[in-house]
A.B. asks: 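Following this message is one structure expressed as structure tokens.
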Protein chains: 2
Amino acid sequence: MKHKPTSLDIAHLAGVSQSTVSRALNDSPLVNIATRKKVQEIAAQLNYQVDKNASNLRRQRSNTIALLLFEDPTSDDSLVNPFFLAMLGSITRACAAKGYDLLVSFQDLDSNWQAQYEDSHKADGLILLGYGDYRAYAGKLTQLRQQHTHVMRWGAPVAESPGISIGCDNVSGGQSIAAHLLSHGYRRFAFIGDIGDKAPEFQGRYEGFVTRLSPEATHIQLDAISTQDAGAAAAQRLMNGAAPLPDAIVCAADIIAVGVLATLHKAGIKVPDQVAVVGFDNIQVAALTTPSLTTVQQNTNQAGEKLVENLLLAINEQPTKDHLLPATLIVRQSCGCQV
Amino acid sequence: MKHKPTSLDIAHLAGVSQSTVSRALNDSPLVNIATRKKVQEIAAQLNYQVDKNASNLRRQRSNTIALLLFEDPTSDDSLVNPFFLAMLGSITRACAAKGYDLLVSFQDLDSNWQAQYEDSHKADGLILLGYGDYRAYAGKLTQLRQQHTHVMRWGAPVAESPGISIGCDNVSGGQSIAAHLLSHGYRRFAFIGDIGDKAPEFQGRYEGFVTRLSPEATHIQLDAISTQDAGAAAAQRLMNGAAPLPDAIVCAADIIAVGVLATLHKAGIKVPDQVAVVGFDNIQVAALTTPSLTTVQQNTNQAGEKLVENLLLAINEQPTKDHLLPATLIVRQSCGCQV
DNA sequence: CTGAAAGCGCTTACAG
DNA sequence: CTGAAAGCGCTTACAG
């Protein structure tokens, strides 16, 4: 394998010093325009690429961001919540637009991720993605701050959780759902989704939903983690109960709603004729279910951009603050309100 | 921000030389076990991490793999074929298991990706993922080989395409579908999916399907690229035609089948009672459609492992060869054959 | 088993 | 505008 060309090789060919080559390739205005062009041409001919390791070592930054995905530990090994995959896509694009590379890693909460990337100078900052119990890693977040690591977290801003976060306005999303269903005459509701402290996103959605209900409306709440199976099980409990079915079932996540729809379908219960169903997230599948799922969209494109943008601010020691992104109701067939 | 500890800092604290620190941290047997322990303890206390840039520069390898995702240029900006996202997950895990980091990038076919990663020493090798016209980048692949870049490609092995590839046994997958449907009495088929040279995967699936058909069976073929819309359009053409509907519709990809199902549903045509539908890929959605979709599974976990494993072999200058991974029929409701 | 020294390929003050 | 020199933080022959 032929020796890869270095800046010194180019210097020889161009008849200038190695420092001038470096300057020319970095488009420094200090270098005479003709020299610059010449050097750049030779570099192009040789397929020369700056050695990032050397460059990063010298510059003390990597132009790389590390994305840590926390998988829901309950999910099947081969599956990742489609919502996070959509986020991954948008983060990748946002990084590319800013000239940053993206290192991706799946992490479990136990491992030593706080050190692995930024401390080793492989990345200038971290993005944390994944729902779940932020308390489990609150300690690590605190430690990260102390080490002045640059971190941006996706999720609900939580008072006790240190660090900046970017998240969706879950409360207003929940409100939109309530308002929409009420205006179409629904009064008896079931909300499916955990609302314990481990699920701050679901808490927000529930809170928004409940506070927006009118006095004459009633509701019950059933626990379910963010999986199809949990949704199916909750729907089953609903059907087994003594009480008649509610008018509308509001699910804290689309993936739960998918399980609910499947269970209702099996039982021969028509959606939306006999009961309306609404989800949250607007994952790709939501448009494809039968009936298609009314849900709340989180703008993943904007989310990825905001995360990257704020992380870069932090890296450059600029002030940043929490952001809430708007949540938009997407009306489809499953709520029976489509024109 | 406090200066990050270096090996020299540890050397001072441990009272040994910097070279010994380096050796100890790399668990070299050359270092006295007591010294090794001591150094490692001090390093742990300081949260010391080896500077990857320096280490990589010196070692001339990065322990990093770059994954280049070629998006289907026809797909919506925010969507990525769920199949590739599943692959991403499995590749990520496989890399982690081997102690490699993964750099992810979305590339369009025009850009200068062949140089960006390995030439700049950011990655030791590349994985190419994405269907589409391999001819469009065959030239680049050739160039990569000449530069001795280490590349592994996901997709059908193609005679004219240089370089090693790992792919699914599309032909045998197509055969399984034909065999299954025939044995359940279906005789009149439609195959939906492009079979031009731009879609070698689809070609393989079609080829397997057709060659396995019995003499009394008939079939037509309709073009469709790998999107839901294209599937919907093809189904519409089928229904608009003068001929009666076939017994069974075989789709070259699940995402096409999802579009077909939606269109049939809208037209009031019952699946599988009036027509059977089969897909290919076993994306997550396939289990969730109504009716659930019979399809062929590509083992993404194994695929990711094989890709990474072979790439590492190539990086270490070991011989590698093309691999075909088995394709497994998954029988669900949409073919009407479920027990 | 350990240390002093070289060198990976850059970037960037410093001097001219 | 250009060059000679230092140095980023490691790893690894080399010498002992």
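Throughout, a chain's letter reflects where its sequence line sits, starting with A, and its residues are numbered from 1.
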A.B. asks: Quick test: give all pairs of protein nitrogen or oxygen and nucleotides 7-9 of chain D nitrogen or oxygen below 3.5 Å, distance rounded to 0.1 Å.
C.D. replies:
unit_1: D:dC8; atom_1: O3'; unit_2: A:Gln60; atom_2: NE2; d: 3.1
unit_1: D:dG9; atom_1: OP1; unit_2: A:Gln60; atom_2: NE2; d: 3.2
unit_1: D:dG9; atom_1: N2; unit_2: B:Ala54; atom_2: O; d: 3.3

A.B. asks: Can you tell me how far C1' in C:dT12 sits from the matching atom in C:dG16, rounded to whole Å?
C.D. replies: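 Each nucleotide's C1' atom is 16 Å from the other's.
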
A.B. asks: To the nearest Å, give me how far apart NZ (A:Lys52) and C1' (C:dT11) are.
C.D. replies: 13 Å

A.B. asks: Could you go through the salt bridge (Lys or Arg N to Asp or Glu O under 4.0 Å) check for A:Lys38 and A:Glu41 one step at a time?
C.D. replies: CA-CA 5 Å; A:Lys38 185 173 168 198; A:Glu41 263 168 33; over 6 Å; no

A.B. asks: If you check every side-chain atom of A:Ser17, which of D:dG3, D:dT12, D:dT2 has the closest atom?
C.D. replies: D:dG3

A.B. asks: Would you tabulate the nitrogen or oxygen pairs shorter than 3.5 Å linking the protein to nucleotides 14-16 of chain C?
C.D. replies:
none

A.B. asks: Heavy-atom nearest nucleotide on DNA chain C for A:Pro5 versus B:Ser19: which residue maps closer to 5'?
C.D. replies: B:Ser19

A.B. asks: Could you tell me whether A:Asn56 contacts a base, only the sugar-phosphate backbone, or nothing, with contacts defined as non-hydrogen atoms closer than 4.0 Å?
C.D. replies: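 No contact.
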
A.B. asks: Specify the separation, in whole Å, of atom CG of B:Leu25 and atom P of D:dT12.
C.D. replies: 13 Å

A.B. asks: So which atom in B:Leu8 and which in B:Gln18 form the shortest heavy-atom distance, rounded to 0.1 Å?
C.D. replies: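 What the structure gives for the nearest pair is CD1-CB, 3.7 Å.
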
A.B. asks: Output yes when a side-chain donor or acceptor of B:Ser55 lies under 3.5 Å from a complementary backbone atom of B:Asp51, and no otherwise.
C.D. replies: no

A.B. asks: Expected output check: what is the dot-bracket annotation of DNA chain D, where ( ) and [ ] are pairs inside the strand (brackets for crossing ones), | is paired with another strand, and pairs are Watson-Crick or G-U under 3.5 Å?
C.D. replies: |||.||||||||.|||

A.B. asks: By nearest heavy atom, map A:Leu8 and B:Thr20 onto DNA chain C; which one lands nearer the 5' end?
C.D. replies: B:Thr20

